[in-house]
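Just below is one structure, and these are the notes that go with it.
Along the sequence shown, the residues carry numbers beginning at 1.
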Amino acid sequence: MSRTPEQEQDRSPEQERPDAEREGGAGQAEMVGSIGRKAGRGLGWSLLGTLATKIGSFAMGLVLARLLAPEDFGLYAIALAATQFVMHINDAGIIAATVQWRGKLEDMAPTAAVLAVSFSAAVYGVFWVIAPSFARLAGNEAATPVVRLLTAIILVDGVTAVRSAALLRRFEQDRLTKAIVVGFVANAALAIPLAAGGAGAYSFAVGQVAASVVTGVLVFLSARLPVRLAMDREIAGRLLRFGLPLAGSLGIESVLVNADYVIVGDALGPVALGYYLIAFNVSSWVPGLVGTAVRYVSVAGFSRLAENDPESLELGVRRSVPLLLAAVLPAAVLMCTLAHQMVVFLYGQKWAPAADVLRFLAVLMVVRMFTSFAFDILTSVGATKWTVWVNLGWVAVLVPALLVGTHLDGIRGTAIGHSVVALLVALPLAALALHRSGVRLRPMLPGLVRPLGGAVLATLVVVAIATAMAPLTGGLPVVELSVAGGAGLLVYALVVVPASLLKKLGARVVQLI
């Protein structure tokens with residue numbers, strides 16, 4: 001029945017609001033969907049490229065683990081810790097500021113380029129001078145020249161910072177991915193022959209510097225930005241107000257990531273550090289694959305949603321966080337339950353001491369994925385100061401915990417300290433920061449139930465089957481990984497994947513057969 005004009009006039013604002021809200025909700029969903037499609041395409045390319053490079057890096061790591069001694073990995077770990085620290089702070093947050101920039105990219109790019117290059121050169125100069133002290137602090141001054149060589153990659157990063165950010169901002173991850181893959185090929189082509197020739201830790205450093213140069217050249221050419229340098233004080237001020245807190249936060253984050261290397265190297269020596277590095281590398285597979293790919297699109301995607309309205313951002317968070325958890329938990333379950341089998345199968349019996357470390361670093365892996373995602377959300381809304389406070393609170397508790405854990409229980413104690421602090425300190429702080437920045441987390445909680453429940457059931461299944469199989473297989477790691485791990489993953493999928501999707505997948509399998 002149609003309304004008369006009088007009835008329309010008598011309609012109250014309360015009666016009108018549901019229609020407006022439905023229209024607004026539809027607009028928000030459409031906005032989220034549009035940005036989601038762009039981010040999804042970028043994520044697809046990022047995942048493809050990251051998968052290719054991670055598989056290649058994994059294969060190269062297996063080769064190098066058989067060519068090099070644990071001590072070589074220990075020296076490399078010291079240089080890697082230094083490099084990750086300077087990589088976090090070298091561009092003063094310019095990459096993230098460029099991706100999040102509200103305005104025309106062409107207006108700010110010349111000033112941003114000057115700032116990025118200047119900061120990178122200054123940071124490298126400082127670290128060249130203090131490299132001996134850093135290496136000595138980490139327990140082996142012989143790592144000094146490796147530190148100086150490997151940290152040179154920040155100079156390339158400074159030159160290409162704005163170009164890389166432009167590709168991320170435009171969701172052109174395909175161009176960035178191709179450049180990274182070509183750079184990895186250059187890395188492998190140098191590192192493996194050098195290791196075979198006895199170059200030791202230098203094989204890692206030379207290969208990565210070469211990869212950085214090759215990738216940087218390709219990124220610079222593919223970004224399609226004019227080569228212009230300028231210094232606009234107003235633009236520089238905006239960039240630094242956003243970027244410096246983020247750079248400070250990332251600098252603290254690099255302490256979080258690398259403090260364990262320094263403490264283990266100083267307290268236990270390069271051999272123990274080599275075992276720890278292997279375990280940490282395995283625990284970093286998923287963050288390196290999924291996390292890296294997600295971060296290529298998350299800041300840009302959430303920034304565009306935040307430009308629209310808070311509700312669009314909240315909807316994007318509610319959809320994405322449960323998916324992230326569902327992707328991360330299966331790997332964590334396998335690392336916790338089958339750590340010994342994984343390490344021995346992949347690297348050989350001589351690396352078995354790394355297994356006990358891996359079990360606890362798997363917990364750290366999950367927490368780091370979520371805190372990194374939370375920081376991307378905070379960055380997208382401009383709340384970079386909150387990332388500083390979260391990381392400050394985290395590192396203030398972490399360093400004493402690592403010192404105590406390492407001295408009480410060696411590298412296993414280091415991993416336990418890391419995981420406990422991440423779970424009990426970092427995760428609550430990140431949740432608090434999101435809440436104080438206006439991002440509601442409660443609506444996403446129901447979406448976390450199935451992944452968590454699936455992880456618990458999968459863990460029980462893997463432990464039960466692996467325990468029953470051990471006397472029968474003689475401890476053959478490949479058999480236990482295949483049977484127990486496969487059963488656990490199947491149980492997880494049955495719990496987590498929606499039944500409708502399982503039916504569609506089953507129907508497609510039947511058609512293929």
Side-chain angles (χ1 to χ4, degrees), residues 31 35 38 86-126 154-172 176 216 219-220 222-253 295-310 312-313 375-392 433 436-439:
M31 171 67 72
I35 294 175
K38 294 178 182 178
V86 296
M87 281 293 291
H88 278 91
I89 64 172
N90 74 300
D91 72 338
I94 297 301
I95 291 180
T98 301
V99 173
Q100 196 264 357
W101 182 259
R102 308 290 198 255
K104 291 184 178 180
L105 179 63
E106 293 76 10
D107 293 340
M108 57 79 68
T111 300
V114 170
L115 292 176
V117 171
S118 300
F119 274 99
S120 295
V123 170
Y124 182 69
V126 169
I154 71 169
L155 298 175
V156 180
D157 187 68
V159 172
T160 61
V162 176
R163 269 72 185 171
S164 297
L167 296 177
L168 296 175
R169 179 185 175 93
R170 299 192 295 246
F171 296 105
E172 293 179 341
L176 188 59
V219 166
F220 198 92
S222 63
R224 306 190 313 278
L225 280 177
V227 180
R228 292 174 51 211
L229 299 176
M231 180 53 67
D232 184 304
R233 295 182 64 180
E234 181 180 352
I235 291 176
R238 287 179 58 187
L239 289 170
L240 293 177
R241 282 192 296 273
F242 177 92
L244 285 179
L246 182 61
S249 173
L250 292 174
I252 301 168
E253 183 178 332
R295 298 199 87 171
Y296 278 141
V297 300
S298 56
V299 175
F302 286 132
S303 294
R304 302 292 81 77
L305 290 175
E307 282 180 330
N308 184 42
D309 56 65
S312 296
L313 176 64
F375 286 0
D376 291 346
I377 299 170
L378 293 170
T379 300
S380 70
V381 299
T384 53
K385 291 182 180 179
W386 267 110
T387 66
V388 177
W389 289 114
V390 172
N391 276 336
L392 275 175
R436 294 296 297 271
S437 300
V439 180

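Across all non-hydrogen atoms, the minimal contact from V159 to V117 is CA-CG2, 4.0 Å. Annotation for A113 and V162: closest pair N-CG2, 3.5 Å, computed over non-hydrogen atoms. Of all non-hydrogen atoms in A116 and A161, the two that sit nearest each other are CB-CB, 3.9 Å. The two atoms that bring V390 and A433 nearest to each other are CG2-CB, 3.7 Å, heavy atoms only. Counting all heavy atoms, side chain and backbone alike, A223 lies closest to L167 at CA-CD2, 3.9 Å. The two atoms that bring A166 and L225 nearest to each other are CB-CD1, 3.8 Å, heavy atoms only.
In this structure, the separation between CG on L378 and OG1 on T387 is 7.0 Å, given to the nearest 0.5 Å. Note that CZ of F119 and CG of L240 are 5.5 Å apart. Values are rounded to the nearest 0.5 Å. Between the OG1 atom in T111 and the CD1 atom in I235 there is a gap of 4.5 Å [rounded to 0.5 Å].
More than 12 non-hydrogen atoms from other residues, nucleotides or ligands lie less than 6.0 angstrom from CZ of R224.
For the pair V227 and R163, the minimum side-chain heavy-atom distance is below 4.5 Å.
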